[in-house]
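Values reported hereafter were calculated over all heavy atoms of this structure, with side chains retained and with hydrogens, waters and symmetry mates removed. We number each residue from 1, following the sequence as shown. Computed from a predicted model, the values in this text were never measured in an experiment.
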Amino acid sequence: MDKTKGVHLYVNIKNLMDLIKKEEEKDDDLKRTLHRLQTYFLGHSILIKQYGAKVEKYTRGRSHIVFELTDDSDISYETILETTVACFIFNNEIFNNLSKYSLYPSFSMHAGMDYGDYFDYYIDDKVDADDEYTTIGGVANNSAKIQTCAPKDCIYVTQEFMGELSSDMKEKFIELTEEEKEQFSEKIRSNRFYKAYYKNIFDEDYMEEIEAGLADVKERVEKESRSLNLRDITFESCTKQLSFEGLSLKGKNKRIEEGGVICADIRGFTQLFFVNDQNLDDLKDVMEKVYEIMGSVINDTEGTKVQYQGDRIVAVYNDFSDGEDSIVRMLEAAFTLNSKIQELNDESDVTEKLNNKKISIGTGCSYDKIIATRLGLNKNKDNIILSESYKRANICEDKYAESNEIVIWKHLKEEIDSKADETEDPKYLALQELFTSISTTGYYKSTATIEEYEEKVNQKKALANKSSEVFSAKTIKSSTGRTSKANLRPWGRGGVW
(Lines give C-alpha, C1' and ligand atoms only; values in the text may rest on other atoms or scores of the structure.)
Protein backbone atom coordinates (compact mmCIF):
# COMPACT_ATOMS: atom_id res chain seq x y z
CA MET A 1 0.00 0.00 0.00
CA ASP A 2 1.80 3.10 -1.26
CA LYS A 3 1.01 6.76 -0.78
CA THR A 4 0.49 8.64 -4.01
CA LYS A 5 -0.73 11.97 -5.32
CA GLY A 6 -3.79 12.54 -7.42
CA VAL A 7 -7.05 14.31 -8.10
CA HIS A 8 -10.32 13.09 -6.63
CA LEU A 9 -13.48 14.04 -8.47
CA TYR A 10 -16.97 13.51 -7.11
CA VAL A 11 -19.78 13.72 -9.66
CA ASN A 12 -23.32 13.44 -8.34
CA ILE A 13 -26.91 13.29 -9.61
CA LYS A 14 -28.12 16.27 -7.61
CA ASN A 15 -31.86 15.60 -7.81
CA LEU A 16 -31.84 11.81 -7.44
CA MET A 17 -33.45 11.61 -3.99
CA ASP A 18 -36.25 13.96 -5.06
CA LEU A 19 -36.92 11.75 -8.08
CA ILE A 20 -36.93 8.65 -5.88
CA LYS A 21 -39.43 10.19 -3.49
CA LYS A 22 -41.80 11.04 -6.35
CA GLU A 23 -41.46 7.60 -7.91
CA GLU A 24 -42.07 5.81 -4.61
CA GLU A 25 -45.51 7.42 -4.59
CA LYS A 26 -46.28 5.68 -7.91
CA ASP A 27 -44.03 2.60 -7.97
CA ASP A 28 -42.80 1.10 -4.72
CA ASP A 29 -40.13 -0.92 -6.52
CA LEU A 30 -38.41 2.11 -8.10
CA LYS A 31 -38.05 0.22 -11.37
CA ARG A 32 -37.70 3.38 -13.48
CA THR A 33 -34.96 4.83 -11.29
CA LEU A 34 -33.08 1.53 -11.11
CA HIS A 35 -33.31 1.08 -14.89
CA ARG A 36 -31.97 4.58 -15.49
CA LEU A 37 -29.17 4.24 -12.94
CA GLN A 38 -27.97 1.01 -14.52
CA THR A 39 -27.73 2.74 -17.91
CA TYR A 40 -26.16 5.85 -16.39
CA PHE A 41 -23.53 3.93 -14.41
CA LEU A 42 -22.59 1.82 -17.42
CA GLY A 43 -22.10 4.86 -19.66
CA HIS A 44 -20.33 6.84 -16.96
CA SER A 45 -17.92 3.95 -16.26
CA ILE A 46 -17.02 3.61 -19.94
CA LEU A 47 -16.43 7.37 -20.16
CA ILE A 48 -14.12 7.44 -17.15
CA LYS A 49 -12.14 4.48 -18.44
CA GLN A 50 -11.84 6.18 -21.81
CA TYR A 51 -10.07 9.12 -20.12
CA GLY A 52 -7.64 6.92 -18.15
CA ALA A 53 -9.15 7.38 -14.69
CA LYS A 54 -10.95 4.89 -12.42
CA VAL A 55 -14.23 4.88 -10.52
CA GLU A 56 -13.64 3.92 -6.89
CA LYS A 57 -17.35 3.24 -6.36
CA TYR A 58 -20.91 4.41 -6.88
CA THR A 59 -22.93 5.57 -3.90
CA ARG A 60 -26.58 6.16 -4.77
CA GLY A 61 -26.15 8.62 -7.68
CA ARG A 62 -22.61 9.71 -6.84
CA SER A 63 -19.40 8.46 -8.44
CA HIS A 64 -16.01 8.83 -6.79
CA ILE A 65 -13.40 9.17 -9.55
CA VAL A 66 -9.64 8.96 -8.99
CA PHE A 67 -6.90 10.34 -11.27
CA GLU A 68 -3.58 8.89 -10.13
CA LEU A 69 -0.78 11.35 -10.92
CA THR A 70 2.60 9.63 -10.67
CA ASP A 71 5.84 10.48 -12.42
CA ASP A 72 4.86 8.00 -15.14
CA SER A 73 1.36 9.40 -15.58
CA ASP A 74 0.50 11.15 -18.83
CA ILE A 75 -2.77 12.65 -17.54
CA SER A 76 -2.68 16.44 -17.67
CA TYR A 77 -4.86 18.81 -15.65
CA GLU A 78 -6.53 19.90 -18.87
CA THR A 79 -7.43 16.25 -19.44
CA ILE A 80 -8.89 16.09 -15.94
CA LEU A 81 -11.02 19.16 -16.63
CA GLU A 82 -12.05 17.71 -19.97
CA THR A 83 -13.10 14.48 -18.24
CA THR A 84 -15.18 16.48 -15.78
CA VAL A 85 -16.86 18.45 -18.54
CA ALA A 86 -17.44 15.22 -20.48
CA CYS A 87 -19.36 13.84 -17.47
CA PHE A 88 -21.74 16.79 -17.69
CA ILE A 89 -22.07 16.51 -21.46
CA PHE A 90 -22.78 12.79 -21.15
CA ASN A 91 -25.56 13.43 -18.65
CA ASN A 92 -27.13 16.56 -20.15
CA GLU A 93 -26.75 15.94 -23.87
CA ILE A 94 -26.69 12.15 -24.21
CA PHE A 95 -28.28 10.37 -21.25
CA ASN A 96 -31.14 12.82 -20.66
CA ASN A 97 -32.02 12.67 -24.38
CA LEU A 98 -32.28 8.90 -24.65
CA SER A 99 -35.63 8.05 -26.24
CA LYS A 100 -36.27 5.32 -23.63
CA TYR A 101 -36.36 7.98 -20.90
CA SER A 102 -37.96 10.83 -22.83
CA LEU A 103 -40.99 11.01 -20.52
CA TYR A 104 -38.93 10.97 -17.31
CA PRO A 105 -37.57 14.02 -15.44
CA SER A 106 -33.95 14.77 -16.35
CA PHE A 107 -31.02 14.05 -14.07
CA SER A 108 -29.14 17.19 -12.96
CA MET A 109 -25.48 17.14 -11.93
CA HIS A 110 -22.85 18.90 -9.84
CA ALA A 111 -19.23 18.11 -8.96
CA GLY A 112 -16.36 18.71 -6.51
CA MET A 113 -12.61 18.24 -6.96
CA ASP A 114 -9.41 18.34 -4.89
CA TYR A 115 -5.73 17.45 -5.31
CA GLY A 116 -3.42 15.86 -2.75
CA ASP A 117 -1.88 12.75 -1.21
CA TYR A 118 -3.86 9.59 -0.53
CA PHE A 119 -3.53 5.87 0.00
CA ASP A 120 -5.13 3.20 -2.16
CA TYR A 121 -6.48 0.80 0.42
CA TYR A 122 -8.23 -2.56 0.34
CA ILE A 123 -10.35 -3.11 3.45
CA ASP A 124 -9.99 -6.59 4.90
CA ASP A 125 -12.73 -6.51 7.55
CA LYS A 126 -13.31 -10.29 7.54
CA VAL A 127 -16.89 -9.67 6.33
CA ASP A 128 -16.63 -10.32 2.58
CA ALA A 129 -14.51 -12.79 0.68
CA ASP A 130 -13.16 -9.94 -1.45
CA ASP A 131 -11.51 -6.89 0.10
CA GLU A 132 -13.31 -3.62 -0.58
CA TYR A 133 -11.33 -0.91 -2.37
CA THR A 134 -11.31 2.60 -0.98
CA THR A 135 -8.95 5.55 -0.64
CA ILE A 136 -7.74 7.19 2.55
CA GLY A 137 -6.87 10.86 2.55
CA GLY A 138 -8.29 14.32 3.09
CA VAL A 139 -8.42 14.80 -0.67
CA ALA A 140 -11.41 12.45 -1.00
CA ASN A 141 -13.23 13.92 2.00
CA ASN A 142 -12.72 17.46 0.73
CA SER A 143 -14.01 16.64 -2.75
CA ALA A 144 -17.13 15.00 -1.34
CA LYS A 145 -17.94 17.87 0.99
CA ILE A 146 -17.61 20.65 -1.58
CA GLN A 147 -19.49 18.66 -4.23
CA THR A 148 -22.49 18.43 -1.90
CA CYS A 149 -22.80 22.23 -1.88
CA ALA A 150 -22.17 22.92 -5.59
CA PRO A 151 -25.16 24.20 -7.62
CA LYS A 152 -26.53 22.42 -10.68
CA ASP A 153 -24.06 22.24 -13.62
CA CYS A 154 -21.31 23.67 -11.40
CA ILE A 155 -17.87 22.38 -10.37
CA TYR A 156 -16.34 23.37 -7.01
CA VAL A 157 -12.57 22.99 -6.57
CA THR A 158 -10.07 23.61 -3.77
CA GLN A 159 -7.10 25.97 -3.69
CA GLU A 160 -4.82 22.92 -3.92
CA PHE A 161 -6.36 21.91 -7.24
CA MET A 162 -6.32 25.50 -8.55
CA GLY A 163 -2.60 25.70 -7.76
CA GLU A 164 -1.89 22.97 -10.32
CA LEU A 165 -3.74 24.64 -13.22
CA SER A 166 -2.24 26.74 -16.00
CA SER A 167 -2.88 30.47 -15.98
CA ASP A 168 -5.39 30.14 -18.82
CA MET A 169 -7.38 27.50 -16.97
CA LYS A 170 -7.34 29.42 -13.70
CA GLU A 171 -9.15 32.25 -15.45
CA LYS A 172 -12.13 29.97 -16.00
CA PHE A 173 -12.80 29.81 -12.26
CA ILE A 174 -13.97 32.44 -9.80
CA GLU A 175 -13.45 32.38 -6.04
CA LEU A 176 -16.38 31.49 -3.81
CA THR A 177 -17.83 34.16 -1.57
CA GLU A 178 -17.91 33.75 2.21
CA GLU A 179 -21.63 32.97 1.95
CA GLU A 180 -21.09 30.29 -0.71
CA LYS A 181 -18.48 28.41 1.31
CA GLU A 182 -20.17 28.84 4.68
CA GLN A 183 -21.68 25.34 4.66
CA PHE A 184 -18.36 23.51 4.47
CA SER A 185 -15.48 25.89 5.22
CA GLU A 186 -15.25 24.88 8.90
CA LYS A 187 -15.05 21.20 7.96
CA ILE A 188 -12.07 21.53 5.58
CA ARG A 189 -8.53 22.70 6.30
CA SER A 190 -8.44 25.08 3.35
CA ASN A 191 -9.39 28.74 3.13
CA ARG A 192 -10.08 29.35 -0.54
CA PHE A 193 -12.40 27.57 -2.96
CA TYR A 194 -13.38 28.21 -6.56
CA LYS A 195 -16.17 27.42 -9.00
CA ALA A 196 -16.85 27.17 -12.71
CA TYR A 197 -19.90 26.19 -14.71
CA TYR A 198 -19.02 23.36 -17.04
CA LYS A 199 -20.08 25.26 -20.16
CA ASN A 200 -17.62 28.07 -19.38
CA ILE A 201 -14.41 26.01 -19.26
CA PHE A 202 -13.94 25.28 -22.98
CA ASP A 203 -15.11 27.11 -26.08
CA GLU A 204 -18.09 25.90 -28.12
CA ASP A 205 -16.02 24.15 -30.79
CA TYR A 206 -14.07 22.18 -28.20
CA MET A 207 -17.27 21.25 -26.41
CA GLU A 208 -18.57 19.77 -29.67
CA GLU A 209 -15.33 17.80 -30.04
CA ILE A 210 -15.74 16.39 -26.55
CA GLU A 211 -19.30 15.29 -27.31
CA ALA A 212 -18.21 13.74 -30.61
CA GLY A 213 -15.58 11.79 -28.69
CA LEU A 214 -18.39 10.19 -26.66
CA ALA A 215 -19.94 8.49 -29.70
CA ASP A 216 -19.08 5.00 -28.45
CA VAL A 217 -20.48 5.82 -25.02
CA LYS A 218 -23.69 7.07 -26.63
CA GLU A 219 -24.05 3.88 -28.64
CA ARG A 220 -23.53 1.70 -25.56
CA VAL A 221 -26.11 3.51 -23.41
CA GLU A 222 -28.67 3.53 -26.20
CA LYS A 223 -28.26 -0.24 -26.47
CA GLU A 224 -28.31 -0.71 -22.69
CA SER A 225 -31.47 1.35 -22.24
CA ARG A 226 -33.31 -0.86 -24.74
CA SER A 227 -31.94 -4.17 -23.47
CA LEU A 228 -34.36 -4.55 -20.58
CA ASN A 229 -38.06 -3.82 -20.21
CA LEU A 230 -39.39 -2.50 -16.93
CA ARG A 231 -41.80 -5.44 -16.64
CA ASP A 232 -38.83 -7.83 -16.74
CA ILE A 233 -37.30 -6.35 -13.60
CA THR A 234 -38.33 -8.63 -10.75
CA PHE A 235 -37.90 -8.57 -6.99
CA GLU A 236 -37.66 -11.33 -4.42
CA SER A 237 -38.65 -11.05 -0.80
CA CYS A 238 -35.88 -11.52 1.75
CA THR A 239 -36.56 -14.55 3.98
CA LYS A 240 -32.89 -14.95 4.97
CA GLN A 241 -30.26 -12.43 5.95
CA LEU A 242 -29.75 -10.12 2.97
CA SER A 243 -26.82 -10.94 0.73
CA PHE A 244 -25.73 -8.93 -2.31
CA GLU A 245 -24.08 -11.95 -3.88
CA GLY A 246 -25.59 -12.69 -7.30
CA LEU A 247 -27.81 -9.61 -7.38
CA SER A 248 -28.17 -7.58 -10.60
CA LEU A 249 -30.92 -5.57 -12.22
CA LYS A 250 -31.34 -8.09 -15.03
CA GLY A 251 -31.38 -11.00 -12.59
CA LYS A 252 -32.28 -11.09 -8.90
CA ASN A 253 -33.19 -7.99 -6.92
CA LYS A 254 -34.29 -7.91 -3.28
CA ARG A 255 -37.19 -6.10 -1.67
CA ILE A 256 -37.37 -5.81 2.12
CA GLU A 257 -40.80 -4.62 3.24
CA GLU A 258 -39.57 -3.52 6.67
CA GLY A 259 -35.87 -3.26 7.33
CA GLY A 260 -33.29 -1.04 8.98
CA VAL A 261 -30.58 1.11 7.44
CA ILE A 262 -27.64 2.31 9.51
CA CYS A 263 -25.17 5.01 8.41
CA ALA A 264 -22.18 5.55 10.72
CA ASP A 265 -19.52 8.19 10.07
CA ILE A 266 -16.33 9.27 11.85
CA ARG A 267 -16.92 12.82 13.03
CA GLY A 268 -14.53 15.61 12.10
CA PHE A 269 -12.18 13.22 10.32
CA THR A 270 -11.30 15.72 7.58
CA GLN A 271 -10.18 18.18 10.27
CA LEU A 272 -7.67 15.63 11.56
CA PHE A 273 -5.63 15.91 8.35
CA PHE A 274 -2.87 18.49 8.36
CA VAL A 275 -3.02 20.94 5.47
CA ASN A 276 0.14 19.44 3.98
CA ASP A 277 -1.01 15.85 4.67
CA GLN A 278 2.11 15.17 6.77
CA ASN A 279 0.10 12.98 9.16
CA LEU A 280 -1.58 10.90 6.43
CA ASP A 281 0.41 7.79 7.38
CA ASP A 282 -0.77 8.04 10.99
CA LEU A 283 -4.40 8.56 10.02
CA LYS A 284 -4.23 5.58 7.68
CA ASP A 285 -3.19 3.43 10.65
CA VAL A 286 -6.12 4.75 12.70
CA MET A 287 -8.55 4.06 9.86
CA GLU A 288 -7.38 0.45 9.71
CA LYS A 289 -8.60 0.09 13.30
CA VAL A 290 -11.85 1.91 12.49
CA TYR A 291 -12.60 -0.35 9.52
CA GLU A 292 -11.94 -3.45 11.62
CA ILE A 293 -14.35 -2.19 14.29
CA MET A 294 -17.06 -1.23 11.82
CA GLY A 295 -16.90 -4.51 9.93
CA SER A 296 -16.84 -6.74 13.02
CA VAL A 297 -19.71 -4.89 14.73
CA ILE A 298 -21.97 -5.13 11.68
CA ASN A 299 -21.02 -8.78 11.23
CA ASP A 300 -21.52 -9.70 14.91
CA THR A 301 -25.02 -8.18 14.92
CA GLU A 302 -25.97 -10.01 11.70
CA GLY A 303 -26.22 -6.90 9.57
CA THR A 304 -25.33 -6.80 5.87
CA LYS A 305 -22.68 -4.30 4.86
CA VAL A 306 -23.64 -2.30 1.79
CA GLN A 307 -20.33 -0.48 1.42
CA TYR A 308 -17.73 1.73 3.04
CA GLN A 309 -17.79 5.35 1.93
CA GLY A 310 -14.46 6.79 3.04
CA ASP A 311 -14.69 6.99 6.84
CA ARG A 312 -18.33 5.87 6.78
CA ILE A 313 -20.16 2.54 6.67
CA VAL A 314 -23.69 1.78 5.46
CA ALA A 315 -25.44 -1.47 6.38
CA VAL A 316 -28.88 -3.10 6.23
CA TYR A 317 -30.74 -5.12 8.87
CA ASN A 318 -33.65 -7.36 7.94
CA ASP A 319 -35.71 -9.93 9.83
CA PHE A 320 -35.21 -13.64 9.15
CA SER A 321 -35.95 -16.92 10.91
CA ASP A 322 -33.76 -17.70 13.91
CA GLY A 323 -32.51 -14.12 13.94
CA GLU A 324 -33.21 -11.54 16.63
CA ASP A 325 -35.49 -8.62 15.81
CA SER A 326 -33.83 -6.39 13.18
CA ILE A 327 -34.51 -3.12 15.04
CA VAL A 328 -32.84 -4.46 18.18
CA ARG A 329 -29.82 -5.76 16.24
CA MET A 330 -29.38 -2.49 14.35
CA LEU A 331 -29.53 -0.28 17.43
CA GLU A 332 -27.28 -2.63 19.40
CA ALA A 333 -24.79 -2.21 16.56
CA ALA A 334 -25.12 1.57 16.84
CA PHE A 335 -24.52 1.51 20.61
CA THR A 336 -21.55 -0.85 20.17
CA LEU A 337 -19.97 1.40 17.53
CA ASN A 338 -20.42 4.30 19.92
CA SER A 339 -18.52 2.39 22.62
CA LYS A 340 -15.72 0.94 20.53
CA ILE A 341 -14.86 4.13 18.63
CA GLN A 342 -14.70 6.09 21.89
CA GLU A 343 -12.51 3.37 23.40
CA LEU A 344 -9.93 4.03 20.67
CA ASN A 345 -9.16 7.29 22.46
CA ASP A 346 -7.84 5.24 25.40
CA GLU A 347 -5.23 3.52 23.23
CA SER A 348 -1.86 5.24 23.57
CA ASP A 349 -0.78 4.60 19.98
CA VAL A 350 -4.04 6.09 18.64
CA THR A 351 -3.69 9.11 20.92
CA GLU A 352 -0.17 9.64 19.63
CA LYS A 353 -1.15 9.30 15.98
CA LEU A 354 -4.08 11.70 16.44
CA ASN A 355 -1.81 14.23 18.16
CA ASN A 356 -3.98 14.00 21.32
CA LYS A 357 -7.15 14.83 19.42
CA LYS A 358 -10.28 12.77 20.02
CA ILE A 359 -11.99 10.53 17.49
CA SER A 360 -15.79 10.16 17.60
CA ILE A 361 -18.67 8.78 15.56
CA GLY A 362 -22.11 9.93 14.48
CA THR A 363 -24.78 7.39 13.53
CA GLY A 364 -28.16 7.55 11.81
CA CYS A 365 -30.79 4.78 11.69
CA SER A 366 -34.07 4.42 9.86
CA TYR A 367 -36.64 1.66 9.35
CA ASP A 368 -38.89 1.13 6.34
CA LYS A 369 -38.96 -0.48 2.91
CA ILE A 370 -35.60 -1.16 1.18
CA ILE A 371 -34.71 -2.06 -2.41
CA ALA A 372 -31.33 -3.81 -2.82
CA THR A 373 -29.42 -4.67 -6.00
CA ARG A 374 -26.06 -4.32 -7.77
CA LEU A 375 -25.57 -1.90 -10.66
CA GLY A 376 -22.81 -1.01 -13.14
CA LEU A 377 -20.50 -2.82 -15.53
CA ASN A 378 -20.45 -6.59 -15.17
CA LYS A 379 -16.97 -6.71 -13.63
CA ASN A 380 -17.38 -3.53 -11.63
CA LYS A 381 -20.83 -3.60 -10.05
CA ASP A 382 -21.53 -1.83 -6.77
CA ASN A 383 -23.95 -2.70 -3.99
CA ILE A 384 -26.86 -0.26 -4.15
CA ILE A 385 -29.79 0.36 -1.81
CA LEU A 386 -32.52 2.84 -2.61
CA SER A 387 -35.59 4.05 -0.77
CA GLU A 388 -36.87 6.80 1.47
CA SER A 389 -35.52 4.71 4.38
CA TYR A 390 -31.92 5.14 3.19
CA LYS A 391 -32.52 8.84 2.66
CA ARG A 392 -33.81 9.21 6.22
CA ALA A 393 -30.89 7.29 7.73
CA ASN A 394 -28.53 9.48 5.76
CA ILE A 395 -30.22 12.67 7.02
CA CYS A 396 -30.15 11.34 10.59
CA GLU A 397 -26.39 10.83 10.38
CA ASP A 398 -25.36 13.74 8.18
CA LYS A 399 -27.60 16.53 9.46
CA TYR A 400 -28.55 15.72 13.03
CA ALA A 401 -26.06 13.33 14.67
CA GLU A 402 -23.37 15.15 16.64
CA SER A 403 -20.25 13.45 18.02
CA ASN A 404 -21.10 10.14 19.71
CA GLU A 405 -24.81 10.52 19.02
CA ILE A 406 -27.25 8.06 17.45
CA VAL A 407 -30.19 9.69 15.69
CA ILE A 408 -33.36 7.98 14.48
CA TRP A 409 -36.36 9.14 12.44
CA LYS A 410 -39.82 9.31 14.03
CA HIS A 411 -41.12 6.26 12.15
CA LEU A 412 -38.49 4.11 13.88
CA LYS A 413 -39.29 5.72 17.25
CA GLU A 414 -42.96 4.92 16.71
CA GLU A 415 -42.06 1.28 15.98
CA ILE A 416 -40.03 1.13 19.20
CA ASP A 417 -42.85 2.66 21.24
CA SER A 418 -45.41 0.31 19.71
CA LYS A 419 -43.36 -2.83 20.38
CA ALA A 420 -42.51 -1.68 23.91
CA ASP A 421 -46.19 -1.17 24.72
CA GLU A 422 -47.33 -4.40 23.05
CA THR A 423 -44.66 -6.80 24.29
CA GLU A 424 -43.10 -5.12 27.35
CA ASP A 425 -39.84 -6.60 26.07
CA PRO A 426 -37.02 -5.23 28.30
CA LYS A 427 -34.93 -4.36 25.24
CA TYR A 428 -37.70 -2.27 23.68
CA LEU A 429 -38.53 -0.68 27.03
CA ALA A 430 -34.86 0.30 27.31
CA LEU A 431 -34.79 1.68 23.75
CA GLN A 432 -37.94 3.65 24.46
CA GLU A 433 -36.24 5.51 27.30
CA LEU A 434 -32.84 6.01 25.67
CA PHE A 435 -34.02 8.25 22.81
CA THR A 436 -35.18 11.83 23.36
CA SER A 437 -36.74 14.24 20.89
CA ILE A 438 -34.62 16.77 19.01
CA SER A 439 -36.95 19.73 19.43
CA THR A 440 -39.86 19.43 16.93
CA THR A 441 -37.84 18.04 14.02
CA GLY A 442 -39.29 14.51 14.07
CA TYR A 443 -35.85 13.12 14.90
CA TYR A 444 -34.69 11.52 18.18
CA LYS A 445 -31.21 11.15 19.63
CA SER A 446 -29.27 9.06 22.13
CA THR A 447 -25.70 9.15 23.42
CA ALA A 448 -25.87 5.66 24.91
CA THR A 449 -23.02 3.19 24.68
CA ILE A 450 -23.61 -0.56 24.54
CA GLU A 451 -22.75 -0.78 28.26
CA GLU A 452 -25.37 1.85 29.15
CA TYR A 453 -27.94 0.12 26.96
CA GLU A 454 -27.27 -3.28 28.55
CA GLU A 455 -27.51 -1.75 32.03
CA LYS A 456 -30.88 -0.24 31.11
CA VAL A 457 -32.08 -3.61 29.74
CA ASN A 458 -31.03 -5.35 32.97
CA GLN A 459 -32.93 -2.75 35.00
CA LYS A 460 -36.06 -3.46 32.98
CA LYS A 461 -35.61 -7.21 33.44
CA ALA A 462 -35.21 -6.75 37.19
CA LEU A 463 -38.37 -4.66 37.37
CA ALA A 464 -40.26 -7.26 35.36
CA ASN A 465 -39.06 -10.04 37.67
CA LYS A 466 -39.99 -8.06 40.76
CA SER A 467 -43.44 -7.32 39.37
CA SER A 468 -43.89 -10.99 38.55
CA GLU A 469 -42.96 -12.00 42.09
CA VAL A 470 -45.38 -9.47 43.58
CA PHE A 471 -48.05 -10.60 41.14
CA SER A 472 -47.62 -14.24 42.19
CA ALA A 473 -47.60 -13.42 45.89
CA LYS A 474 -50.75 -11.34 46.03
CA THR A 475 -53.77 -13.64 45.89
CA ILE A 476 -57.26 -13.44 47.41
CA LYS A 477 -59.56 -16.32 48.23
CA SER A 478 -63.25 -15.87 47.45
CA SER A 479 -66.11 -17.27 49.57
CA THR A 480 -66.14 -20.34 47.32
CA GLY A 481 -62.48 -20.98 47.95
CA ARG A 482 -61.28 -19.91 44.50
CA THR A 483 -58.00 -18.03 44.27
CA SER A 484 -57.79 -14.73 42.33
CA LYS A 485 -54.88 -12.43 41.51
CA ALA A 486 -55.51 -9.29 43.51
CA ASN A 487 -53.74 -6.97 41.12
CA LEU A 488 -55.90 -7.96 38.16
CA ARG A 489 -58.75 -5.79 39.50
CA PRO A 490 -57.21 -3.11 41.72
CA TRP A 491 -59.35 -1.51 44.40
CA GLY A 492 -60.53 1.98 43.66
CA ARG A 493 -61.15 1.40 39.91
CA GLY A 494 -64.78 0.41 40.08
CA GLY A 495 -64.16 -3.31 40.49
CA VAL A 496 -66.95 -5.19 42.27
CA TRP A 497 -66.49 -8.52 44.04
[X] side-chain N/O to [Y] backbone N/O, donor-acceptor pair under 3.5 Å:
X    : Y    : answer
R374 : S248 : no
S102 : L98  : no
D203 : Y206 : yes
D114 : T158 : no
N318 : L242 : yes
E292 : E288 : no

For a side chain to side chain donor-acceptor pair (under 3.5 Å) with H64, tell me which candidate from E56, Q147, K54 qualifies. E56
Does [X] pair with [Y] as a salt bridge, N-O distance under 4.0 Å?
X    : Y    : answer
K289 : D349 : yes
R267 : D265 : yes
E402 : K445 : no
D117 : K5   : yes
E178 : K181 : yes

Ignoring hydrogens and angles, state whether a donor on the side chain of [X] or [Y] is under 3.5 Å from an acceptor on the partner side chain.
X    : Y    : answer
D153 : N92  : yes
D368 : S389 : no
Y58  : S45  : yes
Q307 : T59  : yes
E224 : Q38  : yes
T351 : S348 : no
R312 : N394 : yes

Applying ring-ring contact (aromatic ring centres under 6.0 Å, His included) to Y317 and Y367, what does each step give before you reach the verdict? CA-CA 9 Å; Y317 286 81; Y367 186 77; over 10 Å; no
Other residues, nucleotides and ligands only: do more than 12 of their heavy atoms fall within 6.0 Å of [atom1] on [X]?
X    : atom1 : result
K254 : NZ    : yes
Q50  : CD    : yes
E182 : CD    : no

With side chains defined as the heavy atoms from C-beta onward, is the minimum distance between [X] and [Y] less than 4.5 Å?
X    : Y    : value
L9   : S143 : no
H8   : Y118 : yes
F235 : T373 : no
C149 : Y156 : yes
T447 : N404 : no
I123 : D131 : no

At their closest point, which heavy atom of [X] faces which heavy atom of [Y], and how far apart are they?
X    : Y    : result
A53  : I65  : CB-CG2, 3.9 Å
H44  : S63  : NE2-OG, 2.8 Å
V139 : G6   : CG2-O, 4.2 Å
G310 : T134 : N-OG1, 4.0 Å
Y198 : V85  : O-CG2, 3.9 Å
Y101 : S225 : OH-CB, 3.7 Å

Can you list the steps and then say if E23 with T33 is a side chain to side chain donor-acceptor pair (under 3.5 Å)? CA-CA 8 Å; E23 188 179 348; T33 297; 2.3 Å; yes
Apply salt bridge (Lys or Arg N to Asp or Glu O under 4.0 Å) to the pair E180 and K195, showing each step before the final yes or no. CA-CA 10 Å; E180 286 176 315; K195 69 177 181 181; 2.5 Å; yes
Run through M17, E24, K369 and flag the one making a side chain to side chain contact (heavy atoms under 4.5 Å, CB included) with E388.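 By the side chain to side chain contact (heavy atoms under 4.5 Å, CB included) criterion, E388 pairs with just one of M17, E24, K369: E24.
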Can you tell which of D311, I359, I361 makes a side chain to side chain contact (heavy atoms under 4.5 Å, CB included) with V290? I359
Give the C-alpha distance, both sets of side-chain angles, the deciding distance and a yes or no for ring-ring contact (aromatic ring centres under 6.0 Å, His included) between F67 and Y51. CA-CA 9 Å; F67 298 87; Y51 277 97; 8.5 Å; no
Which of these passes ring-ring contact (aromatic ring centres under 6.0 Å, His included) with Y308: Y133, Y121, Y291?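 Of all the options given, the one that passes is Y291.
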I would like to know whether D232 and K31 meet salt bridge (Lys or Arg N to Asp or Glu O under 4.0 Å); could you show each step before the answer? CA-CA 10 Å; D232 295 328; K31 289 183 178 181; over 6 Å; no
Side chain to side chain donor-acceptor pair (under 3.5 Å), that's the test. Do E405 and Y400 meet it? Break it down for me. CA-CA 9 Å; E405 284 187 349; Y400 290 103; over 6 Å; no
Could you please spell out the steps behind the side chain to side chain donor-acceptor pair (under 3.5 Å) verdict for S227 and K250? CA-CA 9 Å; S227 67; K250 297 179 181 180; 3.1 Å; yes
Please confirm whether the ring centroid of Y194 lies under 6.0 Å from the ring centroid of F173.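 Aromatic pair excluded; centres sit 6.0 Å or further apart.
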